[in-house]
Amino acid sequence: MARPLSCQEIVELVTDYIEGALPRRDRKRFEEHIAGCDGCRTYLAQMRTTIIRVGRLTEETIPPAARDKFLEVFRDWRTA
Amino acid sequence: MPRKVRGPDAALIASLRAGDESAFTSLVDMYSAAMLRLARMYVRTQAAAEDVVQEAWLGVLKGLDRFEGRSSLKTWIFRILTNLAKTRGERESRSVPFSSLGTDGEDGEGRAVDPDRFFPPGSESVGAWASPPTPWEDVPEERLLSHETQDFVAKTIEMLPEQQRTVITLRDVEGWSSEEVRNVLDITETNQRVLLHRARSKVRAALERYLDQGQTDG
């Protein structure tokens, strides 16, 4: 039997867990801990919320003057 | 003779090689915002970042005939960009090359959570939460989704060490896969994950402090 993981270990494994990078055995230990621990379930939920919040930061704007410069590259290249 | 390209980028490459300006325009619109953001991490000013992106687009066009589609077009474009941005950044002596990265990254300790929040060694429940996080389900949605909170998250990311900032920006802001990040930044899967872990953990911790504060403020 593998030793149960502590909460302090769980918070360091959370990214590996979310990324699907934990070996199967560790994944099982992780999930066994989470199932019985409110604090770590909350922590995991907060990490997921954090990822979603960070994902809302994209601004899809290119400054118009810069865009013109980039497009000009094509015309210069074609006439070169 | 241009190299033959297979795969999902084949049609786009063919159009570009044939001199189709609209194909180039769509590419510029698709990637330039992300390219500017990425370039900005290596160089000091927005103007320098724009120069780098412009140079990268020229590099892309000049290299079109050599592109074989062994990586995706996107990965190839961003590799050209990061190489140029790095060179420029080194001239400005701002950037730390990713290749010099140790597993410990840039900041010494690197714990996801303050050790004081767990029971210390010697106590019966060593390593268990002494001060567990409070669920964010109780935070009013309009506060979690507010502009202020978004600004706070953006500022937190800006203050991260460069490598962590780059990885979290590409993975979580731009939505890239770990493979794309690895290929463009030339780092190992493990390094990628360590940097992502540090970055995400810090943003979570900062957000927790920020949201808890709001609770006590009323």
Side-chain angles (χ1 to χ4, degrees), chain A residues 3-23 26 29 33-34 36-80, chain B residues 19 21 24-25 28-29 32-34 36-37 46 49-51 53-55 57-58 60-62 111-113 115 117-119 125-129 131-137 144-145 149-150 153-154 157 168-169 171-175 178 189 193-194 196-201 203-204 207-208:
Chain A
R3 177 182 62 82
L5 294 165
S6 73
C7 303
Q8 203 165 2
E9 288 169 317
I10 288 286
V11 299
E12 299 299 346
L13 292 174
V14 129
T15 305
D16 286 4
Y17 178 73
I18 292 174
E19 295 281 293
L22 282 183
D26 292 340
R29 287 167 78 202
H33 179 108
I34 289 279
C37 179
D38 287 344
C40 287
R41 257 202 318 278
T42 298
Y43 190 86
L44 179 62
Q46 289 187 350
M47 279 297 260
R48 291 199 158 120
T49 305
T50 300
I51 295 165
I52 293 167
R53 290 291 100 223
V54 171
R56 299 285 151 82
L57 293 177
T58 342
E59 285 169 50
E60 279 307 331
T61 50
I62 313 165
R67 183 174 180 271
D68 290 346
K69 266 199 301 190
F70 302 156
L71 294 178
E72 221 165 276
V73 170
F74 189 81
R75 282 161 228 151
D76 293 349
W77 169 72
R78 225 172 33 165
T79 53
Chain B
E21 187 168 351
F24 184 71
T25 304
V28 164
D29 287 339
S32 293
L36 283 168
R37 266 194 294 271
Q46 179 68 19
E50 288 179 12
D51 287 350
V53 174
Q54 187 176 9
E55 226 182 305
W57 282 124
L58 184 62
V60 166
L61 291 171
K62 284 185 172 165
R111 306 248 183 189
V113 176
R117 296 186 58 183
F118 301 98
F119 287 105
S125 19
V126 50
W129 289 106
S131 159
T134 317
W136 288 345
E137 279 79 40
L144 194 58
L145 305 183
T149 305
Q150 287 299 84
V153 171
I157 291 176
I168 198 173
T169 302
R171 284 295 313 275
D172 293 343
V173 183
E174 308 290 349
S178 65
E189 177 59 33
R193 218 163 45 236
V194 168
L196 183 65
H197 179 64
R198 297 252 166 87
R200 282 179 178 170
S201 301
V203 175
R204 188 218 63 89
L207 205 47
E208 183 184 34

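Chain letters run A, B, ... following the sequence lines, proteins first, then strands; residues in each count from 1.
Of the listed residues A:Cys40, A:Cys37, A:Ala65, the one with more heavy-atom pairs under 4.5 angstrom with chain B than any other is A:Cys40. Contact count against chain A (heavy-atom pairs under 4.5 Å) is highest for B:Val113 among B:Val113, B:Leu207, B:Val203. In terms of heavy-atom pairs under 4.5 Å with chain A, the best-connected choice from B:Ala112, B:Ser125, B:Pro132, B:Ser131 is B:Ala112. Contact count against chain A (heavy-atom pairs under 4.5 Å) is highest for B:Leu144 among B:Thr149, B:Ile168, B:Leu144. Among the candidates A:Thr50, A:Ile10, A:Thr49, A:Leu5, the residue making the largest number of heavy-atom pairs closer than 4.5 Å to chain B is A:Thr50. Among A:Arg75, A:Gln8, A:Glu12, the residue making the largest number of heavy-atom pairs under 4.5 Å with chain B is A:Gln8. For the options A:Arg78, A:Glu19, A:Arg56, heavy-atom pairs under 4.5 Å to chain B are most numerous at A:Glu19.
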For side-chain contact (heavy atoms from CB on, under 4.5 Å), just list the numbers for B:Arg200 and A:Ile18, CA-CA rounded to whole Å, side-chain angles, deciding distance to a tenth of an Å, and then say yes or no. CA-CA 11 Å; B:Arg200 282 179 178 170; A:Ile18 292 174; 4.2 Å; yes

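Between A:Arg53 and B:Asp172 there is no salt bridge, since no side-chain N of the basic residue sits under 4.0 Å from a carboxylate O of the acidic one. Note on A:Glu72 versus A:Arg67: no salt bridge recorded, every NZ/NE/NH1/NH2 to OD/OE distance being 4.0 Å or above.
Side-chain contact check for B:Trp129 versus A:Val11: some heavy-atom pair is nearer than 4.5 Å. A heavy-atom distance below 4.5 Å is not found between the side chains of A:Arg29 and A:Glu9. Using a 4.5 Å heavy-atom cutoff, the side chains of A:Lys69 and B:Asp51 are in contact. Between A:Pro63 and B:Glu50 there is a side-chain heavy-atom pair separated by less than 4.5 Å.
For chain A, the nearby part of B:Leu36 is the side chain; its heavy atoms alone come within less than 4.5 Å. With a threshold of 4.5 angstrom between heavy atoms, B:Ser201 approaches chain A through its backbone and through its side chain. For a residue to count as touching a neighbouring chain, one of its non-hydrogen atoms must lie under 4.5 Å from one of that chain's; by this rule B:Ile157 touches chain A with the side chain only. In this structure, chain A has a heavy atom under 4.5 Å from the side chain of B:Arg171, while its backbone stays farther away. Heavy-atom distances place the backbone of B:Val126, and not its side chain, under 4.5 Å from chain A. Heavy atoms closer than 4.5 Å to chain A are found in the side chain of B:Glu208, but not in its backbone. Of the two parts of A:Arg41, neither the backbone nor the side chain holds a non-hydrogen atom closer than 4.5 Å to a non-hydrogen atom of chain B.
The ring of B:Trp57 has its center closer than 6.0 angstrom to the ring center of B:Phe24.
Of all non-hydrogen atoms in B:Glu21 and A:Phe74, the two that sit nearest each other are CA-CE2, 3.4 Å.
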